[in-house]
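Only one structure is covered here, and it is reproduced in the block below.
Side-chain atoms are counted along with the backbone in the values below, which use heavy atoms only and exclude waters and symmetry mates. Position 1 is the first residue of the sequence; numbering continues from there.
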Amino acid sequence: MLQPQLDFQALPEGCIATVISLTSPPDACRLSLLSKVIRSAAESDAVWDKFIPPETQITILSHPNSLSSPNFKSKKDLFMTLCDNPVLINEGTMSFSLDKWSGKKCYMIASKGLRIAWGDTPWYWEWISLPDSRFEEVAELRGVGWFEIRGRIATRMLSPSTLYKAYLVYKFNGRPHGFEDHPTAVAVSARSYGFDYESPNLSEIVEGGDLKYTAFLARPEREVSEEARLPDERADGWLEMELGESLCEGDEDAELEMICCEINSSGKDGIIVQGIEVRPKRN
C-alpha cells in the first residue's frame with residue numbers, strides 16, 4: 001500500500017521556515033527558487049536570524065560606526081552585508097565578517113594588531129595608508145634580515161566545532177626582494193590563553209624543528225618541491241599565503257598562534273602586510 005506523500009508547501013509557513021533554518025545559507029537560497037510559498041519562508045527573518053551568530057548583535061553591531069539593524073530591510077540583507085562588507089572592531093585593529101557558505105565567523109587581524117619584529121622601527125618598517133586596504137594603516141617593509149610576523153586570536157571568538165585556516169594577506173610594492181629565493185616558515189597552533197610570545201621565542205621554535213621553510217611569498221622563478229606552498233590571488237587584488245589550520249572545538253580556553261617567518265637568509269624588502277585572516281575551511 002502506497003504511503004501518502006507529504007506536500008512540503010502545504011505546511012504552515014512557520015514550519016517551512018523552521019525546516020529551512022536547519023540547512024545552510026546556500027540551501028536557503030536554492031530552496032527559495034522552488035515556489036512562491038517556499039520563497040516567502042526561505043527569505044523570512046526566522047530563517048536568516050538562525051544563520052547569524054547570536055552574539056553578533058551585541059559584540060559586533062554595537063561598535064561605533066559599525067552596522068546597525070535599522071539600516072537593513074531584513075535579516076537576509078544584514079547577513080549578506082556582513083559577508084561582503086567586513087566590520088571594523090577592536091578600535092580598528094580587527095575586522096569581522098561572515099562566511100556566506102556557512103554563516104560562520106571570520107576575522108582579519110590588522111598588521112597593527114600583529115607582532116612584527118622591528119615593526120616600530122621606521123628604518124625597517126613604514127606604516128602607510130592604502131585605498132584598497134580595509135584598515136587605516138598597513139605595514140610596508142623597507143628592509144630586514146630577520147622577518148618575523150606572529151598573530152593571535154582567542155578561540156572563544158570563533159565558531160565552535162569548526163576547522164579554521166589562517167592566511168597572511170599581503171602584496172608587493174614592486175619586484176620583491178629576498179622572498180622569491182628563500183621560502184618562509186609558517187604555522188598555526190593552539191596555545192594556552194594569554195601565552196607569552198617569548199616562551200618559547202622564535203629562535204627556540206625554529207631550532208626545535210617545529211617550523212619548516214616551505215612557503216614562498218613570491219613565486220620563485222626556479223622549480224620547487226611538491227610540498228612548497230605558493231601564494232594565491234584574492235578577489236580584492238591582494239595575495240594570501242595559507243599559514244595552517246586548527247580545529248576550534250568551542251570549549252577550550254586557548255588562543256590560536258599564527259607564524260610567518262624567515263630568519264636565516266640575507267635582507268628582504270618590498271612586502272606590504274595588511275594582516276592575517278582567519279576563516280572556516282570550506283569543504
Side-chain angles (χ1 to χ4, degrees), residues 52-72 77-100 103-122 124-142 144 147-159 164-173 188 193-195 197 217 234-241 243 248 255-260 271-280:
I52 299 174
E55 64 275 19
T56 300
Q57 200 74 22
I58 299 174
T59 61
I60 305 301
L61 304 185
S62 61
H63 280 73
N65 303 320
S66 180
L67 305 174
S68 57
S69 295
N71 297 328
F72 301 93
D77 188 20
L78 173 59
F79 177 91
M80 294 300 183
T81 300
L82 286 171
C83 291
D84 298 330
N85 299 278
V87 178
L88 294 184
I89 60 174
N90 289 9
E91 300 180 343
T93 62
M94 182 179 287
S95 70
F96 168 86
S97 61
L98 295 179
D99 176 58
K100 67 176 57 179
K104 307 226 170 157
K105 293 181 281 187
C106 308
Y107 294 90
M108 186 187 291
I109 308 166
S111 50
K112 276 288 188 183
L114 301 175
R115 174 192 170 99
I116 300 178
W118 312 107
D120 57 353
T121 305
Y124 300 111
W125 289 88
E126 184 178 0
W127 294 92
I128 63 173
S129 297
L130 292 179
D132 58 350
S133 170
R134 67 183 64 172
F135 303 109
E136 184 176 346
E137 290 186 311
V138 294
E140 180 179 29
L141 178 60
R142 300 186 66 184
V144 292
F147 180 76
E148 175 188 350
I149 298 176
R150 300 169 76 176
R152 65 203 296 166
I153 186 170
T155 55
R156 62 172 177 263
M157 296 177 63
L158 306 174
S159 297
Y164 273 90
K165 283 181 171 285
Y167 301 84
L168 182 73
V169 180
Y170 64 99
K171 63 168 58 175
F172 293 103
N173 60 9
V188 174
Y193 186 81
F195 71 88
Y197 275 125
L217 296 185
R234 295 161 54 94
D236 58 11
W238 290 73
L239 299 173
E240 66 179 23
M241 171 59 68
L243 304 181
C248 177
E255 291 181 280
L256 293 187
E257 181 185 21
M258 288 106 11
I259 300 175
C260 182
I271 194 170
I272 300 173
V273 178
Q274 182 173 186
I276 291 179
E277 185 170 59
V278 181
R279 63 178 189 255

Check whether any side-chain heavy atom of F135 sits under 4.5 Å from a side-chain heavy atom of K112, and report yes or no.
no
Please name the pair of heavy atoms, one in D99 and one in F79, separated by the smallest distance, quoted to 0.1 Å.
O-CZ, 4.0 Å
Between the CZ atom in R115 and the CE atom in M258, the distance rounded to the nearest 0.5 Å is 13.5 Å
In short, P280 meets C106 closest at the heavy-atom pair CD-SG, 3.6 Å
Can you name the closest pair of heavy atoms from R152 and I109 and give their distance?
O-CD1, 3.3 Å
Output yes when a side-chain donor or acceptor of R150 lies under 3.5 Å from a complementary backbone atom of E257, and no otherwise.
no
Check whether any side-chain heavy atom of Y167 sits under 4.5 Å from a side-chain heavy atom of M108, and report yes or no.
no
Would you say W125's side chain and A117's backbone share a donor-acceptor pair under 3.5 angstrom?
yes
If you measure from the Lys or Arg side-chain nitrogens to the Asp or Glu carboxylate oxygens, is any gap between E240 and K165 under 4.0 Å?
no
Identify the two heavy atoms, one from A110 and one from G92, that lie closest to each other, and give their separation to 0.1 Å.
CB-O, 4.2 Å
Out of I272, L217, V138, which one pairs with Y170 under the side-chain contact (heavy atoms from CB on, under 4.5 Å) rule?
L217
Under 3.5 Å donor-acceptor, W127 side chain and G119 backbone:
yes
Kindly indicate whether the side chain of L141, heavy atoms from C-beta on, has any atom under 4.5 Å from the side chain of W118.
no
Min side-chain heavy-atom separation D132-D236 under 4.5 Å
no
Could you go through the ring pair (Phe, Tyr, Trp, His ring centres under 6.0 Å) check for F195 and Y193 one step at a time?
CA-CA 6 Å; F195 71 88; Y193 186 81; 9.1 Å; no
Side-chain contact, heavy-atom cut-off 4.5 Å: M157 with K105?
no
Would a 4.5 Å heavy-atom cut-off, applied to side chains only, mark Y164 and V188 as touching?
no
Shortest non-hydrogen contact between L239 and R234, atoms and distance
O-CD, 3.8 Å
Under the side-chain contact (heavy atoms from CB on, under 4.5 Å) test against V169, which residue among E277, M241, R134 passes?
E277
Evaluate the criterion side chain to side chain contact (heavy atoms under 4.5 Å, CB included) for residue pair L256 and T155; output intermediate values, then yes/no.
CA-CA 6 Å; L256 293 187; T155 55; 4.0 Å; yes
Compare all side-chain heavy atoms of D84 with those of K100 and state whether any distance is below 4.5 angstrom.
yes
Separation between NZ (K104) and CG (L98), nearest 0.5 Å, reads 12.0 Å
Gap between atom CD1 of I276 and atom CG of L243 - 0.5 Å precision:
5.5 Å
What distance separates F96 CZ from N85 CG, expressed to the nearest 0.5 Å?
13.0 Å
Can you check whether E136's main-chain N or O pairs, donor with acceptor, with S129's side chain at less than 3.5 Å?
yes
Side-chain heavy-atom pair L88, S95 within 4.5 angstrom cut-off:
yes
